[in-house]
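First up is the structure itself, then whatever we jot down about it.
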Amino acid sequence: MTILEDGDLHTFSQELPAVFDGVKLAAVATVLYILVRCLNLMSPTAPPEIVYQDTLLSRYLLKSCPMLTKEYIPPLLWGKSGHLQTALYGKMGRVNTPTPHGVRKFLPMLQDGATATFDLFEALGDHSTGDDITMVICPGIGNHSEKNYIRTFVDYSQQQGYRCAVLNHLGALPNMELTSPRMFTCGCTWEFAAMVGYIRRAFPQTLLVVVGFSLGGNIVCKYLGENRSNQERVLCGVSVCQGYSALRAQETFFQWDQCRRLYNFVLANSMKKLILPHRDSLLSLNSSSIADADLSRVSAATSLMQIDDSIMRKFHGYSSLNEYYEKESCVHYIHKITVPLLLVNSLDDPLVHPSLLAVPRSLTEKMPNVMFALTQHGGHMGFFEGAVLLPQRLSWMDKAIVEYADAICHWEKKKRCLELLQYP
């Protein structure tokens, strides 16, 4: 048995605070290390990676679109985290959101009795080209014109001289009953086509800029590639944060990498909140392909794939989930687009697996009209800019889309003027 003498006790009492201080220092260092890793603070800022073919148009675009060539600098403390960018977009959309004033249009669709709706916002001034130009916009999954990120983008586009038409996904608007036993799906273009058709008839002289966000990017690219006539009077297309192939993406959504499985669960819950209030309409309307058991499976679903298999694929009579994903993905149509096309993704997007970005990369190798912009940061639909804590109202994405559209509008205006000089 060891007996501590007075001198030993005195020495031990002096060393004990030092030990505690060391533990505290180690704890603080550990927390700081975790914060630095989680917030990705050591990741350098950089200009977007731009993949393109060397053409006169691409050279012109790179000179005319500084947003594509200068550094994208996210907010200092949290902006380099794709998760926080995505979470802030999901919770708030944007900050200090404006309230653009539009008119809601209702379009009965005779093919199945559905009623498509969209909101029309007139330009707040002339476009810099002097032309009449309309942005036709398809929002993300389950979204509509009242979402903050859409309102912010519309307000900015109006100020730059664009009329805006924003699709409200079928079944997404609150307090709007379905008139057919069908809701929006990941690749159905019927409602978007109906909106574009209305714009073409109502404004015969207008030129179109087609914009799609997330799932909306898949829809607009599929729409443009489905039929060559869909590209008539279209100046360009822009797709932001889509995954290009639902069939390939479904496998990645069950992975825990980048918490993708958790996002899958959260998105499934959001979809359930959209679908289940329409239970009576989906079951009671004539020719419904949906049974009560299908909606029960939706209630119990913990993934988007379970929801898609239980109900979404049945809206269009697909026999399997794989067939639904295969035929609803734009990857089989996008190569038929001939108008200028900007594809935008973020490398730290937790919803879009990096392997899916092989699609836009390969497209640029084959298609001189396609430009692919890949940012280091931005998350899924975030792309916030600003100070340490509070981001600016406009995101990098908002400014980059309008800047690209402006450049294309001026390019096409010059082409038309040259053609008139050559063939008066």
Side-chain angles (χ1 to χ4, degrees), residues 52-53 55-58 60-61 107 109-112 116 118 129 131-138 162-163 165 167 184-213 215-240 242 244-246 316 325-344 359-372 401 404-405 407-416 418-420 423:
Y52 61 96
Q53 288 189 28
T55 64
L56 288 176
L57 175 58
S58 61
Y60 165 80
L61 287 171
L107 303 175
M109 298 173 63
L110 300 179
Q111 59 207 52
D112 70 345
F118 72 94
T129 61
D131 291 331
D132 183 301
I133 306 172
T134 304
M135 279 198 179
V136 283
I137 302 165
C138 191
Y162 292 94
R163 178 189 298 109
L167 180 69
F184 75 94
T185 60
C186 69
C188 179
T189 60
W190 293 356
E191 295 86 57
F192 188 76
M195 178 181 77
V196 174
Y198 177 95
I199 295 298
R200 284 190 167 122
R201 292 189 301 272
F203 308 99
Q205 302 305 314
T206 197
L207 301 171
L208 303 176
V209 173
V210 179
V211 180
F213 297 107
L215 173 139
N218 179 70
I219 290 175
V220 301
C221 288
K222 183 170 176 280
Y223 165 78
L224 288 173
E226 279 178 335
N227 195 309
R228 185 65 183 86
S229 64
N230 290 347
Q231 299 178 52
E232 292 176 3
R233 289 162 51 193
V234 172
L235 293 173
C236 64
V238 181
S239 163
V240 183
Q242 70 150 308
Y244 305 98
S245 172
H316 295 284
Y325 286 149
E326 185 74 15
K327 293 189 176 179
E328 296 265 308
S329 295
C330 73
V331 69
H332 303 295
Y333 302 88
I334 197 168
H335 62 280
K336 299 178 183 178
I337 299 174
T338 58
V339 299
L341 179 64
L342 175 65
L343 304 173
V344 179
V359 174
R361 288 186 183 279
S362 65
L363 280 172
T364 58
E365 295 175 2
K366 305 169 186 174
M367 302 172 62
N369 59 307
V370 176
M371 180 173 282
F372 175 45
I401 294 172
Y404 175 84
I408 293 293
C409 291
H410 283 278
W411 172 268
E412 293 296 331
K413 181 82 170 183
K414 291 175 183 176
K415 280 177 59 179
R416 293 196 302 273
L418 287 173
E419 287 172 1
L420 287 174
Y423 306 102

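Scope of the values below: all heavy atoms of this structure, side chains included, with no hydrogens, waters or symmetry mates.
Taking 4.5 Å as the limit, some side-chain heavy atom of His332 sits within range of a side-chain heavy atom of Glu326. A heavy-atom distance below 4.5 Å is not found between the side chains of Cys409 and Asp131. Residues Ile401 and Val240 have side chains in contact (heavy-atom distance under 4.5 Å, counting atoms from C-beta outward). Within the 4.5 Å cutoff, side-chain heavy atoms of Tyr198 are placed close to those of Leu107. No side-chain heavy atom of Val370 sits less than 4.5 Å from a side-chain heavy atom of Tyr52. Looking at heavy atoms from C-beta onward, Tyr162 lies out of side-chain contact with Val211 at the 4.5 angstrom threshold. Side chains of Val136 and Val209 form no contact here, defined as non-hydrogen atoms less than 4.5 Å apart.
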Show your reasoning for whether side chain to side chain contact (heavy atoms under 4.5 Å, CB included) applies to Met371 and Leu61.
CA-CA 10 Å; Met371 180 173 282; Leu61 287 171; 4.2 Å; yes
May I have the step-by-step check of side chain to side chain donor-acceptor pair (under 3.5 Å) for Glu328 and His316, ending in yes or no?
CA-CA 10 Å; Glu328 296 265 308; His316 295 284; 4.9 Å; no
Audit row: Lys414, Tyr60, side chain to side chain contact (heavy atoms under 4.5 Å, CB included) steps and yes/no:
CA-CA 12 Å; Lys414 291 175 183 176; Tyr60 165 80; 4.1 Å; yes
Decide side chain to side chain contact (heavy atoms under 4.5 Å, CB included) for Trp190 and Asp112; before the verdict, give the C-alpha distance in whole Å, the side-chain angles of both, and the deciding distance to 0.1 Å.
CA-CA 10 Å; Trp190 293 356; Asp112 70 345; 3.8 Å; yes
Between Ser362 and Glu365, does a side chain to side chain donor-acceptor pair (under 3.5 Å) hold up when you go through it step by step?
CA-CA 5 Å; Ser362 65; Glu365 295 175 2; over 6 Å; no
Worked verdict on Val196 versus Val234 for side chain to side chain contact (heavy atoms under 4.5 Å, CB included)
CA-CA 10 Å; Val196 174; Val234 172; over 6 Å; no
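The minimum heavy-atom distance linking Ala165 with Ile199 is given by the pair CB-CD1, 3.9 Å. When every heavy atom of Val220 is checked against every heavy atom of Val238, the shortest pair comes out as CG2-O, 4.3 Å. Scanning both residues, Cys138 and Leu167, for their nearest heavy atoms gives SG-CD2, 4.0 Å. When all heavy atoms of Ala405 and Met135 are compared, the pair lying nearest together is CB-CE, 3.9 Å. The shortest heavy-atom contact between Ile337 and Met367 is O-CE, 3.2 Å. The heavy-atom pair separating Gly237 from Val339 by the smallest distance is N-CG2, 4.4 Å.
For Arg228, there are no salt bridge (charged side-chain N to carboxylate O under 4.0 Å, His left out) partners, not counting sequence neighbours. In this structure, the side-chain hydrogen bond (donor to acceptor under 3.5 Å, both in side chains) partners of Asp132, at least two apart in sequence or on a different chain, are Arg163, Thr206.
Rounded to the nearest 0.5 angstrom, Glu232 CD and Arg200 CZ are separated by 6.5 Å. The NZ atom of Lys327 sits 14.0 Å away from the SG atom of Cys188 when rounded to the nearest 0.5 Å. For the atom pair OG1 (Thr55) and CG (Asn369), the distance works out to 9.0 Å, reported to the nearest 0.5 Å. Expressed to the nearest 0.5 Å, how far OH of Tyr333 lies from CD of Glu226 amounts to 5.5 Å. Taken to the nearest 0.5 Å, the OG1 atom of Thr364 stands 8.0 Å off from the CZ atom of Phe372. A distance of 11.0 Å separates CD1 of Ile408 from CD1 of Ile133, quoted to the nearest 0.5 Å.
Looking at Asn218, its side chain never comes within 3.5 Å of a backbone N or O of Ser329 through a donor-acceptor pair. In terms of modelled atom types and a separation under 3.5 Å, the side chain of Glu191 and the main chain of Phe184 share no donor-acceptor contact. With Gln231 contributing its side chain and Leu224 its backbone, the two residues share a donor-acceptor pair below 3.5 Å. Using modelled atom types, one side-chain atom of Ser58 and one backbone atom of Gln53 make a donor-acceptor pair closer than 3.5 Å. The backbone N or O of Ile219 lies less than 3.5 Å from no partner atom in the side chain of Thr189, so there is not a single donor-acceptor pair. Under the 3.5 Å distance criterion, the side-chain polar atoms of Glu412 are left unmatched by any main-chain donor or acceptor of Cys236.
Ring geometry, Phe192 versus Tyr223: the interplanar angle exceeds 60°, so the pair is classed perpendicular (tilted spans 30 to 60°).
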